[in-house]
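Each remark here refers to the structure printed beneath this line.
If you read the sequence from its start, that first residue is 1, and numbering goes on from there.
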Amino acid sequence: MENDENGAVQRKPKVKGKHDKPKPWDDDPNIDRWKIEKFDPSWNEGGMLDVTTFSTLFPRYREKYLQDAWPAVKSALKEYDISCELNLVEGSMTVSTTRKTRDPYIIVKARDLIKLLSRSVPAPQAIKVLNDEMQCDIIKISNLVRSKEKFIKRRQRLIGPNSSTLKALEILTGCYILIQGNTVASMGSFKGLKTVRRIVEDCIENKMHPIFHIKILMVRKELEKDPTLAQENWDRFLPKFKKKNVNQPKPKKSKKKKPEYTPIPPPQPPSKVDIQLATGEYFLSDKVKSEKKWKEQQERQAGKTAENKRKREASFVPPEEPAVQHNKSDDSTKDVAALATSLKKKAKEYGNKKLIENVNPEAYLAECGEPSKKKSKKSKGSES
């Protein structure tokens, strides 16, 4: 507290923390506070005090690929003095720091690398996460929807026909996106990853279609080019989409006609005891009842076995063969055979006749070739 000239007490402005005091570089316009500077090993010459280890499991179908790509992963991590191990027995990948490790954050990057590899991201793409400018985010989408059918449809909606929606999102956000199973793996800048997470969650929760997000991103990209709009609100330029619930016509329920009111109640249905009294079963002994019940059970069982046997034997019954139909080709072959036999017979007769007398072959064949009707007409004319 301080006293001013008039004697009034003035209080000093409260400071939140001990070290929250104004710094000389707070108002320096030349400093870019969002720039990520490359790590210099001279900043941490002493190295790490303790060994930090991260491990993650991978599915069996990734085993062959990881085995082939592991030398490339190992050489990439060796540049940052990180040791890695691939355990095929347990199905796990492990990364840990060494005595030579200087960058304290590189182990977190190595952890992200093995996570991406286990989520089916190709090794050359996953290795890029070790750079300071590249970040990653693995979004779990399986727990956002209960119904499996809805989940599959919405996941396909995010991919789009021929992966067109996914490619458009990659271009507009500047991130690498891979949808695999129940997760979405993305790599890029912090701003891009935030946008991707919002789009994915809105799509799976059915809040907004990815196409609408793409339209908004395209408008934003065009507005960024105009420097005059840098300090203005862009809400008036962005498209606004309202979710429309289409009211589907409900199936009309058939109204049941109410029965006419009668003061007399309906007759009471007979009880089991009444039925037994009517059939005379009530007066039978327990032994006779059990025998009767056993016989009925045996009859039902015999009927069932007979039906099952008939069904089994039905598969062994040969099918009825179709009746042989005489085709036109068979009739034509018969006609040809009959014609051949008649010609042979006539040739034989002609040979015998030639021996007896000298006959003109042309005239004989002409006579033989004429139809029987003409012969009958000639014979009638000679008779007359």
Side-chain angles (χ1 to χ4, degrees), residues 38-39 41 47-48 50-144 148 151-152 155-156 158-160 162-163 165-167 169-171 173-190 192-193 196-197 200 204:
K38 194 175 180 181
F39 180 79
M48 310 295 285
D50 202 356
V51 176
T52 309
T53 306
F54 289 105
S55 183
T56 186
L57 299 173
F58 60 86
R60 180 172 278 182
Y61 62 83
R62 291 287 290 169
E63 186 176 320
K64 183 71 174 68
Y65 178 79
L66 289 173
Q67 203 170 355
D68 296 339
W70 198 248
V73 176
K74 200 170 184 178
S75 62
L77 289 171
K78 196 175 181 181
E79 295 178 10
Y80 301 94
D81 299 314
I82 297 287
S83 64
C84 58
E85 183 188 355
L86 177 67
N87 192 339
L88 297 174
V89 178
E90 295 178 359
S92 64
M93 292 178 284
T94 310
V95 290
S96 57
T97 56
T98 58
R99 290 182 178 180
K100 293 180 180 180
T101 309
R102 293 291 177 267
D103 188 355
Y105 192 71
I106 196 64
I107 188 64
V108 179
K109 293 273 192 179
R111 180 200 62 184
D112 294 340
L113 170 62
I114 58 174
K115 273 187 180 181
L116 291 169
L117 288 171
S118 65
R119 295 314 307 146
S120 300
V121 177
Q125 179 67 32
I127 288 168
K128 292 178 184 178
V129 82
L130 297 173
N131 300 333
D132 291 335
E133 298 82 15
M134 187 71 70
Q135 312 298 328
C136 81
D137 188 14
I138 295 172
I139 308 157
K140 195 174 181 182
I141 56 176
S142 61
N143 56 353
L144 298 176
K148 192 175 181 182
F151 170 73
I152 292 166
R155 186 179 63 181
Q156 187 59 38
L158 192 62
I159 296 166
N162 298 323
S163 303
T165 309
L166 201 65
K167 287 173 187 173
L169 288 172
E170 284 183 349
I171 292 165
T173 58
C175 296
Y176 170 83
I177 306 168
L178 178 74
I179 300 169
Q180 173 70 20
N182 297 329
T183 57
V184 177
S186 54
M187 294 172 62
S189 62
F190 283 116
L193 293 176
V196 169
R197 177 173 277 275
V200 170
I204 301 299

- Closest non-hydrogen atoms of A72 and S75, given as atom of the first, atom of the second and distance, are O-OG, 2.8 Å
- Task: Check for a donor-acceptor pair, side chain of R119 on one end and backbone N or O of Q180 on the other, with a separation under 3.5 Å.
- Result: yes
- Item | Under 3.5 Å donor-acceptor, R155 side chain and G181 backbone | yes
- Backbone of A123 reached by a side-chain donor or acceptor of Y65 within 3.5 Å: yes
- Compare every heavy atom of I106 with every heavy atom of D103, then report the nearest pair and how far apart it is. O-CG2, 3.1 Å
- Query: Is a donor on one side and an acceptor on the other found under 3.5 Å between the side chain of R62 and the backbone of L117?
  - Reply: yes
- Query: Do S189 and E133 touch side chain to side chain, with heavy atoms closer than 4.5 Å?
  - Reply: no
- Message: Can you give me the closest heavy-atom contact between T101 and M48, atom names plus distance?
- Response: O-CG, 3.6 Å
- Item | pair I107-I82: side-chain heavy atoms closer than 4.5 Å | yes
- Task: Using modelled atom types only, decide if a donor and an acceptor are shared between the side chain of S186 and the backbone of D137 within a distance under 3.5 Å.
- Result: yes
- Message: Measuring only between side-chain heavy atoms, which start at C-beta, is T94 closer than 4.5 Å to C84?
- Response: no
- Task: May I ask you to check whether S83 and T98 show a side-chain donor-acceptor distance below 3.5 Å?
- Result: no
- From K115 NZ over to C136 SG, what is the distance, rounded to the nearest 0.5 angstrom? 7.5 Å
- Task: Give, for atom NZ of K109 and atom CD1 of I114, the distance between the pair rounded to the nearest 0.5 Å.
- Result: 14.5 Å
- Got D132 and Y105 here, is their nearest side-chain heavy-atom distance under 4.5 Å? no
- Query: side chain to side chain contact (heavy atoms under 4.5 Å, CB included) between L113 and L77: does it pass, once the steps are laid out?
  - Reply: CA-CA 10 Å; L113 170 62; L77 289 171; 3.9 Å; yes
- Any idea which heavy atoms bring S118 and F58 closest together, and the distance? CB-CB, 3.9 Å
- Rounding to 0.5 Å, atoms CG (L193) and SG (C175) come to a distance of 4.5 Å
- Query: Taking C-beta and beyond as the side chain, do N87 and M93 meet within less than 4.5 Å on heavy atoms?
  - Reply: no
- Could you please spell out the steps behind the side chain to side chain contact (heavy atoms under 4.5 Å, CB included) verdict for I177 and V196? CA-CA 8 Å; I177 306 168; V196 169; 3.9 Å; yes
- What are the two closest heavy atoms between L57 and S92, and how far apart are they? CD2-CB, 3.8 Å
- Query: Under 4.5 Å between any side-chain heavy atoms of T53 and V95, yes or no?
  - Reply: no
- What distance separates I159 CD1 from L166 CG, expressed to the nearest 0.5 Å? 7.0 Å
- Is it true that atom CG of N162 has more than 12 heavy atoms of other residues, nucleotides or ligands lying nearer than 6.0 Å? no
- Side-chain heavy-atom pair V200, I141 within 4.5 angstrom cut-off: yes
- Correct closest heavy-atom pair for V51 and S96 would be CG1-CB, 4.3 Å
- Item | Side chain Q135, main chain V129, donor-acceptor under 3.5 Å | no
- What is the distance from atom CG of L88 to atom CZ of R60, rounded to the nearest 0.5 Å? 11.0 Å
- To the nearest 0.5 Å, what is the distance between CD (E63) and CG (L66)? 8.5 Å
- Test item: K38 side-chain N/O and N131 main-chain N/O as donor-acceptor pair under 3.5 Å: no
- Is there a side-chain contact between V184 and I138, using heavy atoms and a 4.5 Å cut-off? no
- For T52 and T97, indicate whether the former's side chain and the latter's backbone hold a donor-acceptor pair under 3.5 Å. no
